2 protein chains.
Amino acid sequence: MVTIYDISKLAEVSPMTVSRVINQSGKVSEATRAKVEKAIEELNYIPNASARYLTAKKSKILSLIITDINNPFFTKVARGAEDKAKQLGYRLMLCNSDEDIHKESDYINMLISTGVDGVLITPSEDKSKKNLRTLTKYKIPFILLDRKVEGIASDEIHGDSQEGTRKVLQHLIELGHEKIAIINGPLDVSTARERQDTYIETLQTHGLPVKDDLIFQSHYKNKNKDEVFSKLLSLDKDEWPTAIFAANNIIAINTIKELRKRSIRVPEDISVVCFDDLDPAYDLDPFLTVVSQPAYQFGYTGIQMLIDRVEKNAPSEFRKIVLPSELIVRRSSASI
Amino acid sequence: MVTIYDISKLAEVSPMTVSRVINQSGKVSEATRAKVEKAIEELNYIPNASARYLTAKKSKILSLIITDINNPFFTKVARGAEDKAKQLGYRLMLCNSDEDIHKESDYINMLISTGVDGVLITPSEDKSKKNLRTLTKYKIPFILLDRKVEGIASDEIHGDSQEGTRKVLQHLIELGHEKIAIINGPLDVSTARERQDTYIETLQTHGLPVKDDLIFQSHYKNKNKDEVFSKLLSLDKDEWPTAIFAANNIIAINTIKELRKRSIRVPEDISVVCFDDLDPAYDLDPFLTVVSQPAYQFGYTGIQMLIDRVEKNAPSEFRKIVLPSELIVRRSSASI
DNA sequence: GATATTTATGTTACCGATAACATTAAAGTA
DNA sequence: TACTTTAATGTTATCGGTAACATAAATATC
């Protein structure tokens, strides 16, 4: 390993002078600067981040914690985050909590241990509060992305669940649907709560009945489909929904798959709509009607906010950025 | 920040004893161990990774460098890598080189600076050699994933480009296609070279002519589509291919999109097949005929190999693992 | 020309953890 | 009982940088 001492020997100066050259701090004559730079080049010196961190307490590393790396929504978030971080001279550690509070906890400890300067996080659920408190304790700023957490005040960037839900439900109602089911994420995630509340509210506004047995609790990833479907299938014929609002893209995909398995056609027999768009490759055969959120911008702007906070350029009160969502009507929703 | 000294004061022992408790090294009496653990718990102590690294030269961090975080193939690789790393007590830094040699270079410097124990890398192209040499210079072991690099000997894990290409071309030939084009990745990527060589070889084996103007150079991500298409469209009617072999999934998707833009139907007018499967959500409407590679296992086994190397459990000669690919016939390929 | 100021460089101590060696107390052995 | 061994704990030095202070040489000021 090449160190600052190797450079100092080769350039015949003190290690401190080398440090000054590297950091462009203090006064260094042109002649010595040249000598040192030559030595650095020659030995292929790369500064040791750990040693630096130990004195400086700044790592120039940020982290993005997402809950599902296989969801194209989060992939786009990651891409935006990465671009912004790179642009402003930070490195990004990408962590995938998998909607699992324990994995999230492990990652947070790891990040503290590593000494990241800040964290952009999609908390897995309300219990994430404990993990976020740990960050606070270690004075590591964080921005909540996509989801809020009860009892945690912080900078936030997220979509407008209410507006989005309203748009997509109005779309269904305009198509003539009156029996609309919701297959939701877990209620200890803020977006799921908001979507459900707005679902109920919107139905009521339009004078439609809200039926408990058309409200299903599922999971934002790939779980307990069976339970939801056995409940759904046990409904009387005349109670069957004519449309399903899935709280995210993964749920929607799973729902359509399960329906088809049972020879129920979408959209002929039942319409399906959801939050969040799919992989761009889907443009090939645009099928699913969605409320799309600007995922890339979530990441891009989120990191910007985080860096503002890290570098203390942010106002002392917390900022909340709400990004608009857009209804994209495709073939999975049809009039009744 | 809580340090080992804070713990040592609270527990009334020396810092060294605290260190022993944390690392379960040396002898510590049950009574002191309990005292120390209580203090650690109480103060919520998290060891400082930088300080540790400085003496131990072991970070327990690995890195995975991929070339396209928006490609579901790599997302699955990442997932497999993450699972294995976590399972064996390592952390994973995910980097996205974006098929860009300079970004790759920056990331490698950053990883050296951070002191990662090893790197699982999909090199962006043959020029990556320089970057890989830097790793070698810093004695950081790496495993080549998916792609080889000329002049670099190392552990490798990749798919069988030849077998896969052969399978998918035979499939087309069996369907009666004789004019088969290839839209390839850049030839300074090993997989592209192998696919092209095998393309030529397979056509010849089957007594089919190999025509230069049916061989197109594109990019594994989202570039120079236009150039390829203007060339393709300038072909005489009777020279037109009846099938296109795209060297990866992204190229295939772009190809189909461009064809459709020009009202050319797939598969009625032209069949399209490719390497690598798409996002699992595509199962909804399985369209593209592909040669699928076990992406998850690329990551999973790749990290296993890397850790073997890092912990010096690997044989001194380099290992090459070749994973089989599988032809999945769907609707995008039809008989002529 | 003597003193004050600025510029360029060096020295020392420290960040938090641990390896290597040192010390003390307890247990085992002749 | 005296002496060796082992167990339990402590002390010191070090990893690679840098902040803070120190010093020497060059330049400016009166």
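In what follows, chains carry the letters A, B, and so on, assigned in the order in which the sequence lines appear, proteins first and then strands, with residues in each chain numbered from 1. Remember, predicted model here, so these are calculated numbers, not experimental data.
A/R52 and B/S113 share no donor-acceptor pair across their side chains, judged by distance under 3.5 Å alone. Side chain to side chain, A/D146 and A/T122 fail the donor-acceptor criterion of an N or O pair below 3.5 Å.
In this structure, NZ of A/K60 is placed 17 Å from C1' of D/dT18, rounded to the nearest angstrom. To the nearest angstrom, P of D/dG17 lies 9 Å from CD1 of A/I7. Rounded to whole Å, the distance from NZ on A/K9 to P on D/dG16 is 11 Å.
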Could you give the side-chain donor-acceptor pairs of residues 38-50 of chain B under 3.5 Å, partners two or more places apart or in another chain?
{"unit_1": "B/N48", "atom_1": "OD1", "unit_2": "B/S50", "atom_2": "N", "d": "2.8"}
{"unit_1": "B/N48", "atom_1": "OD1", "unit_2": "B/A51", "atom_2": "N", "d": "3.0"}

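One axis for each end of the helix from C/dG1-D/dC30 to C/dA30-D/dT1, each built from five base pairs, and the angle between them comes to 50° at 10° resolution.
Residues passing the side-chain contact (heavy atoms from CB on, under 4.5 Å) test with B/Q304 are B/K84, B/L88, B/D308, sequence neighbours excluded. Checked against side-chain contact (heavy atoms from CB on, under 4.5 Å), A/R20 has the following partners two or more places apart in sequence or in another chain: A/M16, A/T17, A/S25, A/V28. For A/K320, the salt bridge (Lys or Arg N to Asp or Glu O under 4.0 Å) criterion is met by A/E156, not counting sequence neighbours.
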With salt bridge (Lys or Arg N to Asp or Glu O under 4.0 Å) as the test, would you mind laying out the steps for A/E82 and A/K76 before giving the verdict?
CA-CA 10 Å; A/E82 205 204 352; A/K76 279 183 240 157; over 6 Å; no
A correct 5'-to-3' footprint of nucleotides 5-17 of chain C, with B, S and - meaning base, sugar-phosphate only and no protein heavy atom under 4.0 Å, is --SSBBB---BBB
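Geometrically, A/K60 engages A/Y90 in a cation-pi contact, judged by NZ or CZ lying under 6.0 Å from the ring centre and within 45° of the ring axis.
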